[in-house]
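Heads up: the structure comes next, in structure tokens.
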Amino acid sequence: MMNFKGKRVIVTGSAGFIGSHLCDALLQSEAEVLGIDNLICGSENNLSNAKKHQSFSFINADVSLSPASYLPHNYRPDYVFHFASPASPPIYQKYPIETYLVNSQGTHQLLQYLVAKNPSARFVFASTSEVYGNPTVHPQPESYWGNVNPNGIRSCYDESKRMGETICGVHARSFAIDTRIVRIFNTYGPRIGKDDGRIIPNFISQALAGEPLTVYGSGKQTRSLCYIDDLVRGILLHAVSEKTKNETINLGNPLELTVLEIASLIIKQTRSSSSISYLTLPLDDPERRKPDISKAQSLLSWIPEVSVETGLQKTIQYFTNLG
Ligand code: NAD
Ligand code: UDP
């Protein structure tokens, strides 16, 4: 693991799925971690491990606001991981304003705070494969600019992530802040919100309850599923590397599966007798998605190591334990 000994690290969205795992990994690497979350869609239960560490503290705040309003006076972070944002389509569609604010205004506020307090800090922004929209290039390399509907039901998320990337670029060029962007492709694992509506929690909960798995549309649309441990390792490598200053990097698992294949895998691995029920495909649901990870491979020597079977098994175990 990377050495963050004595580094002051902010993780926004720390009570969420990815943020909480990031906190755990940073604490293991001896960082002083300050988690910030307003619990709009996360849970403090996700921080039960982090809270055992003396080097962890938590602030309940909305990071779309000025950091001066919630950070201790003159707090100077060495790293900021900006991971706060609803990420599940039904949740960001329920909170469209909060979603576009945290990714745009929140990113601006945090970066302006660094300009004022510590311009040599590193800023890591959680972007998404959604910046590619319904892609016309397959698989998606970082150089592809995407095919996004600017005014559809997913736009509050997709376009604000694109704006967040713009804000990172402006702060790199105009203020010489070291901003690093990670474009995350569908990631799953323990602590993903049980009821947050995404494919993996929905299918596992349904399979364990013996209920039909709700496949939207034909189920022929594809996604690539990355296990959380692989993702966190990639994020931290990107954050510390001397080769990726101001770079944008895709992180995800290139194994492409249809939604129906994912449903079958989960039915098999839970040994469930669930059937499949076909529901309407939501608007603007991307037809296919698969990361081109050659940039992460060459700059960070990163490739995913956890197979989908192993990752799903660990996630199924987590949901079983939740009861
Ligand atoms: P999550 O919903 O589990 O966690 C998000 C956390 O952010 C929650 O705890 C929520 O309460 C917090 N939050 C939201 N708005 C906030 C605000 N204004 N102030 C403070 N806290 C706020 O989602 P996740 O899957 O852990 O995603 C984390 C980040 O990674 C998000 O930025 C998301 O867009 C990005 N991402 C995730 C995936 C994925 O597959 N999981 C894919 C692409 C991008
Ligand atoms: N999906 C599905 N049934 C569900 C939840 C999702 O068929 O109960 C599909 C959804 O239509 C999409 C894919 O699974 O094609 C991934 O959806 P998710 O909401 O997890 O994330 P997205 O990649 O769309 O942001």
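In what follows, every heavy atom counts, from backbone to side chain, and hydrogens, waters and symmetry copies are set aside. All residue numbers in this chain count up from 1 along the given sequence. Note that ligands are numbered from 1 as they come in the structure, with each ligand's atoms numbered from 1 the same way.
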Set out, in order, the CA-CA distance, both residues' side-chain angles and the distance that settles side chain to side chain donor-acceptor pair (under 3.5 Å) for N250 and Y132, then state yes or no. CA-CA 11 Å; N250 283 343; Y132 302 122; 2.8 Å; yes
Dump the intermediate steps for side chain to side chain donor-acceptor pair (under 3.5 Å) on T244 and H238, then the final yes or no. CA-CA 6 Å; T244 57; H238 184 17; 3.0 Å; yes
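Protein heavy atom nearest atom 22 (P) of ligand 2, with residue, atom name and distance: R154 NH2, 3.5 Å.
Short contacts between ligand 1 and G42, defined as distances under 4.0 Å to a heavy atom of the residue, involve ligand atoms 8 (C), 9 (O), 10 (C), 11 (O). If you number the atoms of ligand 1 from 1 as listed, the ones under 4.0 Å from a heavy atom of D62 come out as 17 (C), 18 (N), 19 (N). Taking every heavy atom of L39 and a limit of under 4.0 angstrom, the matching atoms of ligand 1 come to 11 (O). Ligand 1 places these atoms under 4.0 Å from at least one heavy atom of G16: 3 (O), 4 (O), 6 (C), 8 (C), 9 (O). Distances below 4.0 Å separate heavy atoms of N186 from the following atoms of ligand 1: 40 (O). Each of the following atoms of ligand 1 lies closer than 4.0 Å to a heavy atom of A15: 9 (O). Shown in contact with G13 at under 4.0 Å from a heavy atom are these atoms of ligand 1, numbered in order with element: 6 (C), 7 (O), 12 (C).
Between D37 and ligand 1, an N or O atom pair is found at a separation short of 3.5 Å. Inclusion of V102 in the set of residues having an N or O under 3.5 Å from an N or O of ligand 1 is not warranted. Looking at ligand 1, you won't find any N or O of I36 less than 3.5 Å from one of its N or O atoms.
Proximity annotation for atom 7 (O) of ligand 1: of G19, S160, S85, S85 comes nearest, heavy atoms only. The nearest non-hydrogen atom to atom 34 (O) of ligand 1, considering only Y95, Y157, F17, comes from Y157. Taking each of I199, L101, V63 in turn, the one with a heavy atom nearest to atom 19 (N) of ligand 1 proves to be V63. Of the candidates L22, I18, T99, I18 brings a heavy atom nearest to atom 37 (C) of ligand 1.
Using a non-hydrogen distance threshold of 4.0 Å, H82 does not register as a contact of ligand 1.
Only backbone heavy atoms of A61 (N, CA, C or O) come within less than 4.0 Å of ligand 1; its side chain stays farther off. By the criterion of a heavy-atom distance under 4.0 Å, neither the backbone nor the side chain of E130 is placed next to ligand 1.
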